[in-house]
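A quick write-up on the structure given underneath.
What you see is a predicted model, and the numbers here were worked out from it, not measured in a lab.
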Amino acid sequence: MYKRQNKNHFSYFSFLDMPQKDPCQKQACEIQKCLQANNYMESKCQAVIQELRKCCARYPKGRSLVCSGFEKEEEEKLTLKPT
């Protein structure tokens, strides 16, 4: 545990209280680099997009902020799916 000053008082916190790094952030950055390098043509970046999808599939819904777009896309597919 570490002691941290918060205005007029001290409080204790642990590493568990610290925000966790997004587990798929690296893949999201790779997509941005690829898109910039390829004039934002998604077709040229399908491999890195697939890597992000694989990363997102490894974590529970809501764990990765960068995966929220894929999660929303999946929800929309399910609600629009004909029965």
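- If you chain together hydrophobic residues whose side chains sit under 4.5 Å apart, Leu52 and Leu65 never meet in one group.
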Check against side chain to side chain contact (heavy atoms under 4.5 Å, CB included), Ile31 and Cys45: CA-CA 7 Å; Ile31 289 174; Cys45 300; 5.6 Å; no
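- The side chain to side chain contact (heavy atoms under 4.5 Å, CB included) test with Gln27 is passed by exactly one of Cys55, Cys56, Ser64: Cys55.
- With sequence neighbours excluded, no residue satisfies salt bridge (Lys or Arg N to Asp or Glu O under 4.0 Å) with Lys44.
- From Glu51, atom CD reaches atom SG of Cys24 across 10.5 Å, with rounding to the nearest 0.5 Å.
- The closest side-chain heavy-atom distance from Cys67 to Tyr59 is not below 4.5 Å.
- With sequence neighbours excluded, no residue satisfies salt bridge (Lys or Arg N to Asp or Glu O under 4.0 Å) with Glu42.
- Lys26 is linked by a salt bridge (Lys or Arg N to Asp or Glu O under 4.0 Å) to nothing, counting only residues two or more places apart in sequence or in another chain.
- Within the 4.5 Å cutoff, the side chain of Phe70 has heavy atoms near those of the Ile49 side chain.
- In this structure, Gln50 CD and Gln46 CD are separated by 8.0 Å, a value rounded to the nearest 0.5 Å.
- Taken to the nearest 0.5 Å, the CD atom of Glu30 stands 11.0 Å off from the CD atom of Gln25.
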